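Scroll down for the structure; my scribbles are underneath it.
A quick note: this is a predicted structure, and the numbers were derived from the prediction, not measured. Chain identifiers are assigned alphabetically (A, B, ...) following the order of the sequence lines, protein sequences preceding nucleic acid strands; residue numbering begins at 1 within each chain.
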There are 2 protein chains.
Amino acid sequence: MSRQQTQQKIMDAAESLFAETGFNDTSLRQITSQADVNLAAVNYHFGSKKALIQAVLQRYLQVVMPRLNDEFEQLLARQSATQLMDVLAVFVRPLLELNQVKPQGTTLFLQLLGRGYTDAQGHLRRFISQHYGSVLNKFVLLVQQSCPRLDAAEIFWRLHFSLGTIVFTMASSEALFDIAEADFHEQSDIESVIRRLLPYLTAGISADIIRPEQLDTLTDASN
Amino acid sequence: MSRQQTQQKIMDAAESLFAETGFNDTSLRQITSQADVNLAAVNYHFGSKKALIQAVLQRYLQVVMPRLNDEFEQLLARQSATQLMDVLAVFVRPLLELNQVKPQGTTLFLQLLGRGYTDAQGHLRRFISQHYGSVLNKFVLLVQQSCPRLDAAEIFWRLHFSLGTIVFTMASSEALFDIAEADFHEQSDIESVIRRLLPYLTAGISADIIRPEQLDTLTDASN
DNA sequence: TCCAGTTTCAAACGTTCGTTTGAAATGTAC
DNA sequence: GTACATTTCAAACGAACGTTTGAAACTGGA
């Protein structure tokens with residue numbers, strides 16, 4: 001068996017198990033068993049479990065991030081500010097194209113992203129901001145241009161709120177799909193969820209800032 | 001040392017470690033070491049690690065859930081539908097009161113909630129819907145009344161989007177607090193985050209449904 | 001003071017984990 | 001076909017895990 005074949009079999013098995021059970025709760029014995037290779041193959045081909053995790057994530061990031069970078073640069077080159085929903089919609093196509101790279105690629109990648117952000121404390125956040133910080137900065141700049149009312153701190157928080165929505169939804173997407181199909185008899189796939197996400201995120205990010213007296217009224221005991 | 005003292009020392013140490021590192025990545029040896037009790041104490045007093053996790057979560061759920069139930073029933077008893085933000089604001093006071101029960105109680109509980117929803121696959125979701133399903137149903141009903149435009153499926157997804165926002169934000173709140181303080185020199189605490197969350201969630205949940213032709217335009221290659 | 005009941009303690013149990021090892025098998029170039 | 005490098009394989013390593021054990025230490029009432 002060629003070097004590439006074995007490495008790919010391992011990564012294919014690893015990513016589906018990682019997405020389903022998380023990184024720490026997936027053992028190398030599960031991975032090598034499902035990939036039908038010897039236990040030692042992971043350490044031989046990748047060096048360590050940690051390196052395998054990075055390789056699995058990088059396989060997708062390498063495809064998605066340059067695409068996003070191009071799109072963001074095009075929008076930044078325009079004269080006028082872009083509508084917020086158009087900025088967010090930039091993510092849709094590059095993400096859905098991962099389904100062509102690999103069956104269920106989009107779902108797998110987003111689930112892995114969710115696991116990476118919640119499992120290993122901050123490792124993925126550091127990795128992405130180190131390797132793809134410039135791409136994310138362009139995205140933040142576009143959001144700021146589309147929401148001139150909001151200061152940088154407000155946008156920071158709202159973008160992380162949105163990241164939480166995406167990452168959590170995808171990490172538990174299997175369970176949510178099952179519930180949605182059982183309760184509402186609707187065919188749920190990744191594309192329909194993204195369709196639902198866009199207006200939600202757009203409205204949330206561009207929401208009016210709450211006035212202090214409003215909040216006091218809301219949380220006041222006398223009300 | 002009394003039975004209660006030991007149990008409380010274990011739970012106090014456990015919850016902070018669980019919140020920081022997650023359930024599976026926190027060992028009983030870490031917990032008993034930080035609590036300054038013998039390793040066997042956990043199994044003696046709680047039976048198993050799994051039972052300890054449930055006890056830690058129940059300590060907060062027992063306080064919060066009845067309070068929420070009362071508030072929801074009061075709102076349901078009104079004649080007219082409640083504004084969405086007022087429905088969401090119901091959560092604020094019961095959650096913040098956990099800080100009186102215990103220092104950092106609010107943050108700890110929300111972090112534990114985040115861990116529970118992402119760590120153990122679906123265990124917490126099942127536990128909460130079994131024990132507190134009626135409370136959640138009242139909340140969903142209130143949201144439906146405040147957003148009559150939205151069908152049940154749309155509300156289901158948007159409420160889970162919102163759950164993701166809260167749970168993810170809290171699970172990584174330490175890191176976010178640090179970044180926010182470093183970049184924006186703002187004092188970040190749990191209350192200020194909740195202040196920022198309310199308008200975001202309200203706008204997201206009550207967002208206009210996107211029209212199909214809008215989405216096609218957004219994701220169309222020719223645009 | 002003594003005793004039954006409760007709680008603590010050090011030690012060990014059996015598993016599982018990621019990793020390493022050295023020999024066997026396979027592939028490649030001459 | 002031989003010599004060399006690469007890859008696979010079964011086996012074992014040490015470490016860490018949750019749990020169990022039985023004796024020791026403590027407790028409060030008779």
Do the side-chain N and O atoms of A/Tyr44 and A/Thr6 include a donor-acceptor pair separated by under 3.5 angstrom? no
OP1, OP2 of D/dC17 versus side-chain N and O of B/Ser27: anything below 4.0 Å? yes
Output yes when A/Asp12 and A/Arg59 qualify as a salt bridge under the 4.0 Å nitrogen-oxygen rule, no when they do not. yes
Just checking, any donor-acceptor pair under 3.5 angstrom between side chains of A/Ser16 and A/Gln34? yes
What is the separation between atom NZ on B/Lys50 and atom C1' on D/dT19, rounded to the nearest whole Å? 15 Å
Strictly distance-based, threshold 3.5 Å: is any side-chain N or O of A/Ser146 a donor or acceptor partner for the main-chain N or O of A/Val143? yes
Tell me the interatomic distance from A/Asp25, atom CG, to D/dA16, atom P, rounded to whole angstroms. 18 Å
Counting only side-chain N and O atoms of A/His45, is one of them less than 4.0 Å from OP1 or OP2 of D/dT6? no
pair A/Asp151-A/Glu154: side-chain heavy atoms closer than 4.5 Å: yes
Please work out if A/Thr26 contacts a base, only the sugar-phosphate, or nothing of the nucleic acid, heavy-atom cut-off 4.0 Å. sugar-phosphate
Compare the minimum distances between each of C/dG18, C/dT8, D/dT19 and the side chain of A/Leu28, then state the nucleotide with the smallest one. C/dG18
Rounded to whole angstrom units, what separation is found between the CD1 atom of B/Ile31 and the C1' atom of D/dA16? 15 Å
Between P on C/dT8 and CG on B/Asn43, what's the gap in Å once rounded to a whole number? 13 Å
Starting at the 5' end of DNA chain C, which residue's closest nucleotide do you reach first, A/Gln30 or A/Gly47? A/Gln30
What do the steps show when you test A/Leu159 against A/Leu163 for side-chain contact (heavy atoms from CB on, under 4.5 Å), and what is the final call? CA-CA 6 Å; A/Leu159 288 184; A/Leu163 180 62; over 6 Å; no
With nearest nucleotide decided by heavy atoms, which residue, A/Phe23 or B/Ala41, maps closer to the 5′ end of DNA chain C? B/Ala41
Atom CZ of A/Phe46 and atom C1' of C/dG18: how far apart are they, to the nearest Å? 16 Å
Atom-to-atom span, CD1 of A/Ile10 to P of C/dT19 - whole angstrom: 13 Å
Below 4.0 Å: OP1/OP2 of D/dT7 and any side-chain N or O of A/Thr6: no
Letter by letter from the 5' end, nucleotides 10-15 of chain C scores (B base, S sugar-phosphate only, - none; protein heavy atoms under 4.0 Å) B-B---
Whole angstroms only, please: what is the OH-C1' distance between B/Tyr44 and C/dT8? 9 Å
Any carboxylate oxygen within less than 4.0 angstrom of a Lys/Arg side-chain nitrogen, looking at B/Arg93 and B/Glu97? no
Gap between atoms NZ and C1', on A/Lys49 and C/dT20 respectively (whole Å): 17 Å
